[in-house]
Number of protein chains: 2
Amino acid sequence: MKISELSDRSGLPVQTIKYYIREGLLPKGAATAATRAEYAEEHLERLRLIRALREVGDLPVASVKRIIGAVDDEAVGLHELLGTAAYTLSPAVEPRPEDPDWRSAREDVDAIVAELGWQVSTDAPTRDLLAQAFLALRRLGRPIVWTDLRPYIEAATIIAEHEIGGIPVEGERGQAVQTAVATNVLYEKVLLALRRMAQENVSARRFGDGTEDR
Amino acid sequence: MKISELSDRSGLPVQTIKYYIREGLLPKGAATAATRAEYAEEHLERLRLIRALREVGDLPVASVKRIIGAVDDEAVGLHELLGTAAYTLSPAVEPRPEDPDWRSAREDVDAIVAELGWQVSTDAPTRDLLAQAFLALRRLGRPIVWTDLRPYIEAATIIAEHEIGGIPVEGERGQAVQTAVATNVLYEKVLLALRRMAQENVSARRFGDGTEDR
DNA sequence: TCCCATTAGATAGTGACACTCTCCAATATT
DNA sequence: AATATTGGAGAGTGTCACTATCTAATGGGA
């Protein structure tokens, strides 16, 4: 199909498609002449993935590029792919080992991971992410305690078991891998939306007078 | 304290503090002369809140302002405050009722909420947020089903019960309200980090060979 | 008391980001 | 042959969150 057709079918401006090609998010079409190229169904599929990650996942273009690179790399297995995604998805938190407060928060994280017996890489950015949240909570006078943390750990475990368990071990790479990453990102948003809804629900029952519709 | 002292203690440049004052995130200091103002401990506290929401919560300045406005408004009760926060936190998703796919996704959301019997406002932005994710999943050929959704609902319920249950009903406003919102935002990040860690853990156990450290 | 650092307040500038626009030459279509 | 479309490249745009500069007015130490 022509680029204008790709544009129509994807709902994206031609300019944006060209931009994605320039940035390496989307492969070029097969050139049929100096000023003509043919786009396939895969291009449309890829655009859908890009838009899902951009609009719903709110990922920067650079992150989308990294993830797509891992998806396209046939040598990358599912486990590594999920790792790449997790690493890429974590907003870069630069650790500051010189700050004693930071170190303390990071040590709390490490202690918790050890306590749980979780197999999480020592240099996983998620550890820093968690440490950053711990540090902020402490600064606000709300240091974390086990009691507060337990429900989150429980919830995270429930979800992760289901998510990883749902990934087919056998079968071909490709479509499966592509959606594995996308669903990972998308279901994160599902979880957040559901948490907020559940909060509103519980809050309405506890504090509301039952009549308000906001 | 002087602004330079506030800057030192908060770790923020004087220019940034001035910027926050201009934007209405931080009240001015008490003017003692045309070119002098006195800042109190509250200013420092407020800066900590702003930084927590900005750096950890990754909220735009405008959102921080809205939340702070609700926190400062004595007339706003806890339930409404949480509502304001939830509304403000949801990235604006503009619904497109003319798009049949969108309508279908939104109807799925409404059906699920009704099925669960949750008290969630009809025009809550979380509904649109969820619909957006559903739509993207469908487009990627992965329409949501109850089986997939249940663990997330379960997890969201566990967390919300704990979170709302932990809010003191009695007691004075003020500090309590301020941290209620902050912890809501911060624990969202805690949850996300824990989910990723749990994923890495389960993935490592399932796919890893046990020797790898990444 | 004199002088230099500091401050409030306002305006302008910066760098990152994700597009979006404009052009040109080379086709394709009619 | 006339008109529209395309690939490719570079420049421009708007938003955001600061950051820099400037001016006039103190403040506080020598």
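Here the structure is a predicted model, which means the values were calculated and not measured. Letters A, B, ... mirror the listed sequences (proteins, then strands); counts begin at 1.
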In numerical order, the residues of residues 42-66 of chain B whose heavy atoms come under 4.0 Å of DNA chain C are none
Does a side-chain N or O of B/Tyr20 approach OP1 or OP2 of D/dC18 to a distance below 4.0 Å, or not? yes
Are A/Arg127 and B/Met197 side-chain neighbours, meaning at least one heavy-atom pair lies under 4.5 Å? yes
May I have the distance from A/Glu23 (atom CD) to C/dA16 (atom C1'), rounded to whole angstrom? 13 Å
Counterpart residues, ring-ring contact (aromatic ring centres under 6.0 Å, His included), relative to A/Tyr187 (two or more places apart): B/Tyr152
Regarding B/Gln199 and A/Glu163, is there a side-chain donor-to-acceptor distance under 3.5 Å anywhere? yes
Could you write nucleotides 2-10 of chain C as a row of B, S and -, 5' to 3', where a protein heavy atom under 4.0 Å of any base atom gives B, of only sugar-phosphate atoms gives S, and otherwise -? ----BBBB-
Backbone N or O of A/Glu80 within a donor-acceptor pair of the A/Thr84 side chain at under 3.5 Å? yes
Can you find a heavy atom in the side chain of A/Ser7 that is under 4.5 Å from one in the side chain of A/Ile17? yes
Find out whether B/Gln178 and B/Glu45 are in side-chain contact, i.e. whether some heavy atom of one side chain is under 4.5 Å from a heavy atom of the other. yes
Can you tell me if A/Tyr19 touches the phosphate of C/dC21, counting only side-chain N or O atoms and a distance under 4.0 Å to OP1 or OP2? no
Atom-pair distance (CG on B/Leu26; C1' on D/dC18), nearest Å: 15 Å
So, the side chain of A/Glu200 versus the backbone of B/Ser121: is there a donor-acceptor pair under 3.5 Å, distance only? yes
Length of the CG-P vector between A/Leu25 and C/dC19, whole Å: 9 Å
A/Arg196 and A/Asn201: side-chain donor and acceptor closer than 3.5 Å? no
